[in-house]
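Just below is one structure, and these are the notes that go with it.
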4 protein chains.
Amino acid sequence: MARVAGAPPRPAERLEGFSDAVFAIAITLLALDVRVVGFRPGHLGAAVGHLWPQLLAYAATFLIVGQVWASHHGMFRWIDRADHVLLLLDVGMLGCIALQPFPTSLVATALSRGTARDVALAVSLYSGLLFVGGVFYNGVWRYAARRGLLVDGLDPGRVRWQARRYGIGVLVYLVAAAVAFVSVPVAIGLDLALAVGYLIPSPNLRPRD
Amino acid sequence: MARVAGAPPRPAERLEGFSDAVFAIAITLLALDVRVVGFRPGHLGAAVGHLWPQLLAYAATFLIVGQVWASHHGMFRWIDRADHVLLLLDVGMLGCIALQPFPTSLVATALSRGTARDVALAVSLYSGLLFVGGVFYNGVWRYAARRGLLVDGLDPGRVRWQARRYGIGVLVYLVAAAVAFVSVPVAIGLDLALAVGYLIPSPNLRPRD
Amino acid sequence: MARVAGAPPRPAERLEGFSDAVFAIAITLLALDVRVVGFRPGHLGAAVGHLWPQLLAYAATFLIVGQVWASHHGMFRWIDRADHVLLLLDVGMLGCIALQPFPTSLVATALSRGTARDVALAVSLYSGLLFVGGVFYNGVWRYAARRGLLVDGLDPGRVRWQARRYGIGVLVYLVAAAVAFVSVPVAIGLDLALAVGYLIPSPNLRPRD
Amino acid sequence: MARVAGAPPRPAERLEGFSDAVFAIAITLLALDVRVVGFRPGHLGAAVGHLWPQLLAYAATFLIVGQVWASHHGMFRWIDRADHVLLLLDVGMLGCIALQPFPTSLVATALSRGTARDVALAVSLYSGLLFVGGVFYNGVWRYAARRGLLVDGLDPGRVRWQARRYGIGVLVYLVAAAVAFVSVPVAIGLDLALAVGYLIPSPNLRPRD
């Protein structure tokens with residue numbers, strides 16, 4: 001694997017720390033949308049009750065982003081070094097994660113005050129942004145594999161298998177973005193199923209000795 | 001302790017860093033609620049004075065969340081590795097911590113503009129969210145203990161004792177959530193007593209040689 | 001130095017990381033107050049010009065909080081371990097830092113729309129919160145020194161000298177809080193002088209061999 | 001290189017962590033500006049469509065700040081230690097980064113509701129703040145080089161070359177700030193070209209053995 005004269009790849013730890021910080025902030029800023037802006041005295045309960053779309057959107061997105069973080073965490077166990085392109089692919093992915101509160105808020109707003117068409121559009125944008133983030137996510141893994149930035153001694157077959165696994169994930173988001181216009185529950189179900197599906201741990205990429 | 005083929009547990013450091021970031025952000029975002037939105041020239045003092053519920057809620061929640069962080073910090077001294085389920089239990093707990101500014105703001109708003117019933121409901125939701133977070137918190141410890149993710153050589157009796165100690169804490173929050181409808185000061189007192197009670201350091205879980 | 005049976009003091013690194021995160025978030029949230037809320041088309045320049053109090057307050061507070069962070073950074077080079085009380089003293093200090101955007105915004109608002117009395121009060125509260133944070137800050141150092149949590153081999157005379165140095169700093173904030181009612185520029189000057197004065201590096205506490 | 005009696009330079013890791021946190025928060029807070037504040041039921045799509053200036057400004061600034069972070073990351077690979085002045089130069093740079101959401105929001109607002117003159121002013125302020133931050137950035141590198149805070153064994157010629165490279169970058173921002181009043185697209189193009197130009201990796205500063 002030839003690398004042109006330039007900066008040597010550097011340990012990926014600082015990239016991990018930076019990514020973790022963006023994940024942590026994006027996930028925490030989600031909560032800013034859950035708030036009562038006004039209520040009639042004696043009717044705080046009703047005002048809180050009207051927040052169910054915000055609470056639902058918060059819980060779902062916290063689960064999904066938390067899962068992406070955990071998955072990213074798992075992926076970076078196998079990435080040893082980072083060069084400038086890898087940094088920027090990761091930054092692109094983080095840019096999508098940091099923007100996720102926006103469609104999350106759209107979904108909650110559409111559920112509160114919009115029509116069925118508004119909800120469908122919001123859920124489609126929500127899944128669509130997860131898809132774009134997933135494209136960068138896949139790019140990180142494929143680029144690292146191709147440029148020899150993974151830890152030494154991984155089984156090449158399993159590295160490719162993992163690339164396919166990530167690729168399927170990103171396609172599910174794309175399907176959800178399209179399906180939203182047909183059935184919102186199915187689209188949300190696909191997004192959440194992916195989060196739950198990833199609970200099944202990744203395979204160990206290091207070959208048994 | 002059998003573990004099915006899958007990702008090997010990994011050092012828990014990155015999970016700690018991520019958790020710390022969420023704690024730090026949630027605790028800092030609390031301060032966004034303490035703000036003067038308008039005042040008559042020459043009467044800034046009065047406007048600040050009316051913020052006492054916000055300041056009180058800020059101080060109490062900062063103390064409570066700070067204590068949970070310190071306690072989490074202590075717990076993770078004994079957790080060596082993290083698998084995917086542990087990550088998600090921790091993420092669930094963080095989801096509650098990140099949402100705590102919401103009931104904090106409810107309490108402050110209810111104290112400012114609500115009836116006694118509004119205050120009771122707000123304090124109950126406040127304690128209730130601490131309870132839900134506590135359930136995840138207990139889950140982290142019990143799961144880690146059962147799956148052999150603790151550091152080696154701990155005294156099993158003390159590990160169980162610690163589990164009971166965490167369990168009592170979470171029950172106090174549940175009691176506070178119920179008691180709020182009878183007496184708000186007692187409920188708040190319970191929440192704060194727990195924070196102060198935890199000042200008494202955890203026992204050393206490592207047996208003396 | 002007797003320590004009752006309990007958790008052993010632990011390396012202070014995680015406390016440093018947590019503190020850094022709170023500093024970083026508080027300092028970054030300051031910028032949220034610098035914003036144009038409305039302007040007449042063609043007059044954006046005038047709208048930005050009216051933000052001078054916000055920009056000034058931002059720059060001053062960024063400098064002051066940045067200096068406190070750098071000073072905290074320096075202090076923790078000499079603190080080796082942290083017990084629960086030290087954690088909570090540090091959390092108390094962080095609670096003040098995280099709240100500093102509040103009086104910062106008060107000062108900017110008072111300069112924009114308030115009377116001279118409003119400005120004096122805002123500057124006094126601004127300095128007063130720095131004072132309260134400073135009390136906790138001093139507490140961290142004195143407690144660590146008394147409980148033997150410092151790194152080994154420090155010169156006891158210099159440790160006490162450092163305590164006096166921190167003590168003088170906190171008194172300057174208290175004086176500034178009082179002086180604000182007499183002269184706002186002098187009070188602000190004192191707060192800033194402290195930030196600049198601390199540019200003079202702390203002495204090396206480790207005795208020359 | 002004589003150093004006056006004072007604090008010994010300390011490893012630069014904690015400064016990196018702090019800087020990363022500020023970068024991560026500033027970059028994530030950018031997203032708060034992308035939000036639909038109101039819409040007519042059934043017309044969510046149109047409301048999202050009107051957000052194109054916010055989305056564009058978000059994407060461009062995320063790329064630029066992400067690039068500055070990656071570049072800062074690269075620079076600190078060669079900085080071994082940090083003294084108090086270096087800390088404060090870095091804090092000054094971070095103060096500009098943390099404020100970048102302000103001109104970003106100005107650009108988006110001017111594109112939405114302003115005149116051509118408003119847009120030119122906003123883009124000029126946007127580039128101007130990048131310039132000021134770049135001055136501090138250059139200061140970090142030049143100060144570290146002059147005070148012997150770099151890692152040992154770097155090629156002095158290449159260290160100077162790198163200083164010139166950083167110096168050219170900061171001049172491009174200054175040119176963009178002036179050019180904005182003549183041509184907004186050229187100014188934005190210069191800002192973005194710099195981000196893309198930096199994709200070309202920095203040279204390896206360590207001489208080949």
Side-chain angles (χ1 to χ4, degrees), chain A residues 3-11 13-30 32-33 82-107 109-110 112-122 124-125, chain D residues 13 16-17 19-49 51 54-55 58-78 195-196 198-206 208:
Chain A
R3 197 135 14 88
V4 264
R10 62 221 83 158
E13 282 103 53
R14 199 180 162 193
L15 182 55
E16 284 187 57
F18 182 69
S19 304
D20 283 4
V22 172
F23 276 110
I25 299 154
I27 220 171
T28 314
L29 288 180
L30 282 172
L32 290 183
D33 249 27
D83 65 12
H84 213 88
V85 174
L86 195 93
L87 284 184
L88 280 139
L89 288 169
D90 200 65
V91 164
M93 190 272 290
L94 294 174
C96 297
I97 289 290
L99 196 56
Q100 199 66 39
F102 167 56
T104 302
S105 148
L106 284 184
V107 171
T109 308
S112 296
R113 308 196 314 256
T115 62
R117 211 175 86 188
D118 293 332
V119 174
L121 177 67
S124 180
L125 290 171
Chain D
E13 283 104 51
E16 284 187 58
S19 304
D20 283 5
V22 172
F23 275 111
I25 298 154
I27 221 171
T28 313
L29 288 180
L30 282 172
L32 290 183
D33 249 26
V34 186
R35 62 173 44 247
V36 163
V37 282
F39 71 100
R40 277 191 305 140
H43 293 78
L44 185 64
V48 171
L51 283 177
Q54 274 73 25
L55 283 164
Y58 173 76
T61 308
F62 206 98
L63 177 65
I64 290 171
V65 175
Q67 173 272 318
V68 175
W69 171 74
S71 177
H72 184 266
H73 183 167
M75 179 168 76
F76 265 82
R77 272 190 300 156
W78 310 112
V196 176
Y198 269 103
L199 293 186
I200 302 158
S202 292
N204 192 338
L205 302 185
R206 203 186 289 283
R208 293 186 202 87

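From a predicted model like this one, the values you see are computed outputs, not experimental measurements. We name chains A, B, ... by the order of the sequence lines, and we start the count at 1 in each one.
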Worksheet item: Using 4.0 Å as the upper bound for N to carboxylate O, is an ion pair formed by A/D118 and D/R40?
Response: no
Worksheet item: How far apart are the closest heavy atoms of D/Y58 and A/G95, and which atoms are they?
Response: OH-O, 2.6 Å
Worksheet item: Which heavy-atom pair separates A/F102 from D/V36 by the least distance, and what is that distance?
Response: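 Reported closest heavy-atom pair: CE1-N, 4.2 Å.
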Worksheet, complete the sentence: Heaviest contributor of heavy-atom pairs below 4.5 Å to chain A, chosen from D/G45, D/A31, D/P41, D/A24, is D/A24
Give, as side chain, backbone, both or neither, the part of [X] having an atom under 4.5 angstrom from any heavy atom of chain D.
X	answer
A/I25	both
A/L125	side chain
A/L29	side chain
A/R117	side chain

So do [Y] and [X] actually touch side chain to side chain, heavy atoms under 4.5 Å?
X	Y	result
D/L44	A/V119	no
D/T28	A/L94	no
D/F62	A/L99	no

Side chain, backbone, both or neither of [X] within contact of chain A (heavy atoms, under 4.5 Å):
X	value
D/L30	neither
D/F23	both
D/V22	neither
D/V48	side chain

Worksheet item: Nearest 0.5 Å, what's the CG-NE2 distance between A/L121 and D/H43?
Response: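 Interatomic distance, A/L121 CG to D/H43 NE2, rounded to 0.5 Å: 12.0 Å.
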Practice prompt. Quick one: do A/T109 and D/F39 satisfy side-chain contact (heavy atoms from CB on, under 4.5 Å)? Show the steps, please.
Written response: CA-CA 9 Å; A/T109 308; D/F39 71 100; 3.4 Å; yes
Discussion item. Among A/A98, A/P103, A/A26, which residue has the highest count of heavy-atom pairs closer than 4.5 Å to chain D?
Written reply: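 Highest number of pairs under 4.5 Å: A/A98.
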